[in-house]
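Note that the numbering runs from 1 along the sequence shown for the chain.
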Amino acid sequence: MQETGEQVKKLIIIDGNGLAYRAFYALPPLKTSRGEPMNAVYGFTNMLYQIMEEEKPDFLAVAFDKSRPTKRLEQFDEYKAHRQKMPEELQKQFPFIEEVVMTLKIPIFWQEGYEADDCIATLTYSAEQEGFLTRIYSGDLDMLQLVSHNTRVVTTRRGISDLVVYDHEMVRKRYGINPPQLVDYKALAGDSSDHIPGIPGI
């Protein structure tokens with residue numbers, strides 16, 4: 001934990017896949033002179049620079065999904081069974097997005113058998129133990145379960161510039177429950193985006 005009087009450090013964690021998807025669908029098709037798609041790269045890079053400029057974090061990390069299948073499929077083989085495959089035009093842009101992140105010397109986190117969500121949750125837990133102020137940038141509302149006194153989740157509502165900051169009060173306003181209870185809520189109600197059925201009748 002931070003010592004009394006010591007300046008609190010700020011950590012920004014970016015859901016790389018989430019922001020890339022958002023940029024891809026928010027911007028019109030853009031291509032290089034060689035015909036390579038670039039709208040996701042352009043949008044992601046703009047968002048990244050905006051975050052760095054506005055937040056001025058002490059630490060910054062980007063997490064990506066880079067492994068299939070995941071441990072979640074071992075527990076539930078229908079997990080994300082009906083989700084559409086990533087568009088090829090977007091898939092081609094991920095190497096360029098990662099190159100942007102590496103060029104800026106921002107650490108990339110991923111783990112074999114796990115998703116970016118898992119990396120983000122692990123980093124957030126470690127940051128909590130150190131007393132850091134953490135902001136998670138993601139379009140995935142599942143991240144709201146991580147909201148705490150020191151952790152906020154910033155989601156993209158529309159496009160790449162309309163952002164919503166979720167703190168404890170905002171989560172309660174939207175769902176009527178506390179952030180840690182979202183796990184129970186999802187287990188009971190299910191989650192159609194991940195093809196999780198929930199409990200019949202609830």
Just to verify, which of L11, V153, V165 counts as forming a side-chain contact (heavy atoms from CB on, under 4.5 Å) with R135? V165
Do L144 and P179 make a side-chain contact, defined as non-hydrogen atoms from C-beta onward lying under 4.5 Å apart? no
Is there a side-chain contact between I12 and T134 in this structure, where contact means two heavy atoms from C-beta onward sitting under 4.5 Å apart? no
Distance, nearest 0.5 Å, that separates CZ of R22 from CG of L27: 11.0 Å
Return the set of residues passing ring pair (Phe, Tyr, Trp, His ring centres under 6.0 Å) with Y25 (not counting sequence neighbours), or none when no residue passes. none
Do V183 and V147 belong together in a cluster built from hydrophobic side chains that touch within less than 4.5 Å? no
Q50 side chain reached by N46 side chain, heavy atoms, under 4.5 Å: no
N39: what forms a side-chain hydrogen bond (donor to acceptor under 3.5 Å, both in side chains) with it, not counting sequence neighbours? Q93
Please answer whether the main-chain N or O of N178 pairs with a side-chain N or O of Q181 as donor and acceptor at a distance below 3.5 Å. yes
List the steps and the verdict of side-chain contact (heavy atoms from CB on, under 4.5 Å) for F94 and F64. CA-CA 10 Å; F94 270 94; F64 285 106; 4.1 Å; yes
Do E112 and W110 have side-chain heavy atoms sitting under 4.5 Å apart? yes
Residue among V62, D65, L90 satisfying side-chain contact (heavy atoms from CB on, under 4.5 Å) with N17: D65
Heavy-atom check, side chain of Y21 versus side chain of L19, under 4.5 Å: no
Between I136 and L146, is any pair of side-chain heavy atoms under 4.5 Å apart? yes
Check whether any side-chain heavy atom of K31 lies under 4.5 Å from a side-chain heavy atom of E89, and answer yes or no. yes
How far apart are the C-alpha atoms of T156 and M47, what are their side-chain angles, what is the distance that settles it, and do they pass the side-chain contact (heavy atoms from CB on, under 4.5 Å) test? CA-CA 11 Å; T156 47; M47 293 170 76; 3.8 Å; yes
Taking ring pair (Phe, Tyr, Trp, His ring centres under 6.0 Å) as the test, write out the residues that go with Y175, two or more places apart. Y185
Run the salt bridge (Lys or Arg N to Asp or Glu O under 4.0 Å) check on E169 and K173 step by step: do they pass? CA-CA 6 Å; E169 183 180 343; K173 183 177 179 181; over 6 Å; no
Determine the sole option in L123, D118, I13 for which the side-chain contact (heavy atoms from CB on, under 4.5 Å) test with F109 is passed. L123
Can you tell me how far the NZ atom of K92 sits from the CE atom of M86, to the nearest 0.5 Å? 13.5 Å
To the nearest 0.5 Å, what is the distance between OG1 on T45 and CE on M38? 9.0 Å
List the steps, then state whether side-chain contact (heavy atoms from CB on, under 4.5 Å) holds for I51 with I14. CA-CA 9 Å; I51 291 168; I14 294 173; 4.0 Å; yes
We want to know whether E128 and T151 form a side-chain donor-acceptor pair, criterion being a heavy-atom distance below 3.5 angstrom. yes
Under 3.5 Å: donor-acceptor pair, side chain of D15, backbone of G18: yes
Decide yes or no on side-chain contact (heavy atoms from CB on, under 4.5 Å) for L133 and K9, but give the supporting numbers first. CA-CA 6 Å; L133 294 178; K9 300 293 186 181; over 6 Å; no
Which atom of A23 lies closest to which atom of A40, heavy atoms considered: CB-O, 3.7 Å
Return the CG to NZ distance between N150 and K10, rounded to the nearest 0.5 Å. 12.5 Å
Donor on one side chain, acceptor on other, Y137 and E55, under 3.5 Å: yes
According to a 4.5 Å side-chain heavy-atom criterion applied to Ile, Leu, Val, Met, Phe, Trp and Tyr, with indirect links allowed, do L141 and I177 form part of one hydrophobic cluster? yes
From T103 OG1 over to K105 NZ, what is the distance, rounded to the nearest 0.5 angstrom? 8.0 Å
Indicate if F96 and M102 have the same hydrophobic cluster label, given that clusters are the connected sets of ILVMFWY residues with side-chain heavy-atom separations under 4.5 angstrom. yes
Report yes or no: do V154 and Y49 belong to one cluster of Ile/Leu/Val/Met/Phe/Trp/Tyr joined by side chain heavy-atom distances under 4.5 Å? yes
Relative to the ring of F59, is the ring of F132 parallel (under 30°), tilted (30 to 60°) or perpendicular (over 60°)? parallel
Enter the distance from Q91:CD to F24:CZ here, rounded to the nearest 0.5 Å. 11.0 Å
Contact between D167 and V171 at the side-chain level, heavy atoms closer than 4.5 Å - yes or no? no
For atom NZ of K56, is the number of surrounding heavy atoms from other residues, nucleotides or ligands below 6.0 Å larger than 12? yes
